[in-house]
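Accompanying notes for the structure given below.
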Amino acid sequence: MRLENIIKGTGASIVYGNAGSDITSICCDSRKACPGSAFIAVKGCSGDGHDYIDSAMANGASAVIDADRKGLALCADNFYGHPSGKLNLVGITGTNGKTTTVTLLYNMFRNLGYECGLLSTIANYVGTKRSETANTTSDPLTINLLLSEMVEAGCEYCFMEVSSIGIEQERVAGLEFRVGIFSNLTHDHLDYHKTFAEYLRCKKKFFDDLSPEAVAITNADDRNGSVMVQNTKASVVTYSCKSLADHNCRIMEESFEGMMLKVDGTETWTKLVGAHNAYNVLAIYCAAIALGIGKEEALVAISRLESAPGRLDVMRGPRDLNVVIDYAHTPDALENVLKTLRDVAPEKELVCLFGCGGDRDRTKRPEMAAVCEKYADRIFVTSDNSRTERTEDIIEDIRKGFSPAGLSKAVCISDRREAIRTAILLSPAGSTILLAGKGHETYQILGKEKLHFDEKEIVNEVFDSIS
């Protein structure tokens, strides 16, 4: 593509290179620069790309572009031929439920016979081709490259998680979303956004930027659901499990095996469990309807879906123990899961094991403790991804959220593997044991090391030792 066409309408400018020259690749990492490439210099959170212009040119870059974050995204959109406009792109934002919702939509539409793409916390998929992901919302060069690969592979749909940080950093600028979904807004990422108002503003910006041709689907039961769409140009669709809305859902029956739901007056079975998953199911139903899928076809497809990896994964073991692995790592997500487990097995002892990530929002740590104390009969406080913080310091922050009664039923064990083993071995027969925070992750970050850590493997080892 001609260099001048890459920067057209982006606000970016050419620092080095001929406007008419042919560019075969673009990058914002000087180490990836090569003959035929354009290096885009952007000032980011952890460094300034302008400091690496000389390095990019030494590696043979044919051009250098000066751009802000939005300009970077728009350059990527131009270079890859506006791929989002050639797909039915669905984005979901909110604190909890993003991964579950996009994964369910991806599996649902594949089961309906469509080629699809997925951009999520767990992994990215172009059709069935998987690639790993470093962030909930990737950088704009990666996003547009993957979208272009989806178009090339014949995909009709792409389902994408959209994080508040991704929105604030303009990673989704220029993308043409066909549908936008709001799940909920609770406490998270305040280490980055500093205030809840700023966190809300970033989420709302996603809906403010939707086109008149798009559909904005919002949770009417969330106190910020109406705020999200008050300035959107898109058509608005509401969903609710508690009040009147465009689409409604009620839980009729519930067990560890799943739920019987009544969606818009029709009963349907889902293998998912919990009130929070009733909202997830309703959100994907709304998206399917917005994308032209018939009601009955959508409900049948929903009834065949499995949960996303690391979301309420139940492992049944000796002594009638049920170990549940879930990614819950915010106060609201933890409360949703604990309440679900309490409702499903009210007569059983409920044990919760959790920690909090290091180098992240410290203010939610005592809140996690308070939520856990409210529902759990026994509590194990341990490590999560401690990163460069001392696990003991994180645990001390958590302990501040317990009342004296909560502290009396809490055990602190820094080593998560040992904490899991102890929790299972000490739990009475028939107990439900929640391992919260890791979910699909098969690693633990301690210091700057990323170590293999698969909770399913650990649980099976403990089961084998007592069977």
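These numbers were taken from a predicted model, which means no experiment stands behind them.
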Below 3.5 Å, can you tabulate the donor-acceptor pairs from side chains in residues 146-155 to any protein atom, sequence neighbours excluded?
from : atom 1 : to   : atom 2 : distance (Å)
S148 : OG     : N144 : O      : 3.4
S148 : OG     : L145 : O      : 2.6

Got a list of side-chain donor-acceptor pairs under 3.5 Å for residues 271-278, not counting sequence neighbours?
from : atom 1 : to   : atom 2 : distance (Å)
K271 : NZ     : E306 : OE2    : 2.9
N277 : OD1    : N280 : ND2    : 3.0
N277 : ND2    : V273 : O      : 2.7

N/O donor to acceptor pairs below 3.5 angstrom from side-chain atoms of residues 8-16, sequence neighbours left out:
from : atom 1 : to  : atom 2 : distance (Å)
T10  : OG1    : I7  : O      : 2.7
T10  : OG1    : A12 : N      : 3.1

Sequence neighbours excluded and cut-off under 3.5 Å, please list the side-chain donor-acceptor pairs for residues 106-117, or say none.
from : atom 1 : to   : atom 2 : distance (Å)
Y106 : OH     : G127 : O      : 2.4
N107 : ND2    : T103 : O      : 3.3
N111 : ND2    : N107 : O      : 3.2

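S55 places no side-chain N or O within donor-acceptor distance of the main-chain N or O of S30, the cut-off being under 3.5 Å. Side-chain N or O atoms of R311 include one that pairs as donor or acceptor with a backbone N or O of P309 at under 3.5 Å. With D22 contributing its side chain and M1 its backbone, the two residues share a donor-acceptor pair below 3.5 Å. Under the 3.5 Å distance criterion, the side-chain polar atoms of T218 are matched with a main-chain donor or acceptor of G225. Under a 3.5 Å cut-off, the side chain of R387 and the backbone N or O of G358 do form a donor-acceptor pair. Panel note: side chain T442, backbone F453; no donor-acceptor pair is recorded below 3.5 Å. Remark: side-chain polar atoms of K438 are not paired, donor with acceptor, to backbone N or O of G310 under 3.5 angstrom. N224 places no side-chain N or O within donor-acceptor distance of the main-chain N or O of V227, the cut-off being under 3.5 Å. A donor-acceptor pair is defined here as one N or O able to donate and one able to accept, closer than 3.5 Å; no such pair exists between the side chain of T101 and the backbone of K98. A donor-acceptor contact shorter than 3.5 Å links the side chain of T232 to the backbone of F207.
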Practice task
Show your working on salt bridge (charged side-chain N to carboxylate O under 4.0 Å, His left out) between D48 and K43 and close with a plain yes or no.
Solution key: CA-CA 4 Å; D48 189 341; K43 187 174 183 179; 5.1 Å; no
Exercise for the section: Please report the C-alpha distance between K450 and E441 in whole Å, then the side-chain angles of each, then the deciding distance to 0.1 Å, and finally whether the salt bridge (charged side-chain N to carboxylate O under 4.0 Å, His left out) criterion is met. Expected result: CA-CA 11 Å; K450 190 172 185 179; E441 294 179 354; over 6 Å; no
Exercise for the section: Please step through salt bridge (charged side-chain N to carboxylate O under 4.0 Å, His left out) for the pair E198 and R201, ending with a clear verdict. Expected result: CA-CA 5 Å; E198 178 62 15; R201 184 196 67 79; 2.7 Å; yes
Handout entry: Stepwise side chain to side chain contact (heavy atoms under 4.5 Å, CB included) check, Y157 with L291
Key = CA-CA 10 Å; Y157 299 89; L291 292 167; 4.0 Å; yes
Problem - Residue pair Q444, H452: steps toward the side-chain hydrogen bond (donor to acceptor under 3.5 Å, both in side chains) verdict - result: CA-CA 6 Å; Q444 190 173 28; H452 178 74; over 6 Å; no
Handout entry: E455/R416 under salt bridge (charged side-chain N to carboxylate O under 4.0 Å, His left out): CA gap, chis, key distance, verdict
Key = CA-CA 9 Å; E455 290 196 327; R416 191 174 179 102; 2.7 Å; yes
Problem - Pair R69-V42, side chain to side chain contact (heavy atoms under 4.5 Å, CB included): steps then yes or no - result: CA-CA 6 Å; R69 290 175 180 172; V42 181; 4.1 Å; yes
Practice task
Go through the steps for V323 and F463 under the test side chain to side chain contact (heavy atoms under 4.5 Å, CB included), then give the verdict.
Solution key: CA-CA 10 Å; V323 174; F463 283 170; 3.7 Å; yes
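If you run ring-ring contact (aromatic ring centres under 6.0 Å, His included) between H247 and each of Y239, Y279, Y285, only Y285 comes through. The salt bridge (Lys or Arg N to Asp or Glu O under 4.0 Å) test with D397 singles out one residue from R365, K364, R360, and that residue is R365.
Here side chain to side chain donor-acceptor pair (under 3.5 Å) pairs that include residues 84-93, with residues two or more places apart or in two chains, are T93-K203.
Between Y443 and N385, the closest heavy-atom pair is O-OD1, 4.0 Å. Nearest heavy atom pair, residue I65 against residue A38, reads CD1-CB, 4.1 Å. Here the closest non-hydrogen pair linking P140 and A76 is O-CB, 3.8 Å. In terms of heavy-atom proximity, A308 sits nearest to D313 at O-OD1, 4.2 Å. Residue S138 comes nearest to T133 through the heavy atom pair OG-OG1, 3.7 Å, listed as atom of the first residue, atom of the second, then distance. Summarising the geometry of L175 relative to L89, their closest heavy-atom pair is CB-CD2, 4.1 Å, with the distance given to 0.1 Å.
With no hydrogens or angles considered, no side-chain donor-acceptor pair links T330 and D332 at under 3.5 Å. Using modelled atom types and a 3.5 Å distance limit, the side chains of S386 and T391 yield a donor-acceptor pair. With no hydrogens or angles considered, no side-chain donor-acceptor pair links N184 and N219 at under 3.5 Å. Side-chain contact check for S131 and Y125: no donor-acceptor pair (N or O, by modelled atom type) lies under 3.5 Å.
The local environment of NZ in K32 is sparse, with at most 12 non-hydrogen atoms from other residues, nucleotides or ligands closer than 6.0 Å. Within a 6.0 Å sphere centred on CZ of R130, heavy atoms belonging to other residues, nucleotides or ligands number more than 12. For N5, the CG atom is densely surrounded, since the number of other residues' heavy atoms within 6.0 Å is greater than 12.
Judged as a side chain to side chain donor-acceptor pair (under 3.5 Å), and not counting sequence neighbours, S62 has no contacts. Taking D221 as the reference, nothing meets the salt bridge (charged side-chain N to carboxylate O under 4.0 Å, His left out) condition, with sequence neighbours excluded. For R2, the salt bridge (charged side-chain N to carboxylate O under 4.0 Å, His left out) criterion is met by E4, not counting sequence neighbours. With sequence neighbours excluded, the residues forming a salt bridge (charged side-chain N to carboxylate O under 4.0 Å, His left out) with K204 are D208, listed by chain and number. Remark: D393 engages R390 in a salt bridge (charged side-chain N to carboxylate O under 4.0 Å, His left out) (not counting sequence neighbours). Take K70 and apply the side chain to side chain donor-acceptor pair (under 3.5 Å) test, not counting sequence neighbours, and it matches no residue. Contacts of F380 classified as ring-ring contact (aromatic ring centres under 6.0 Å, His included), with partners at least two apart in sequence or in another chain: none.
At least one side-chain heavy atom of M57 sits less than 4.5 Å from a side-chain heavy atom of V64.
In this structure, the ring of Y52 has its center no less than 6.0 angstrom from the ring center of H50.
Between Y199 and F196, the ring planes are perpendicular. Angles over 60° get that label, and only those under 30° would be called parallel.
With respect to the salt-bridge test (charged N to carboxylate O, under 4.0 angstrom), the residues D29 and R31 qualify.
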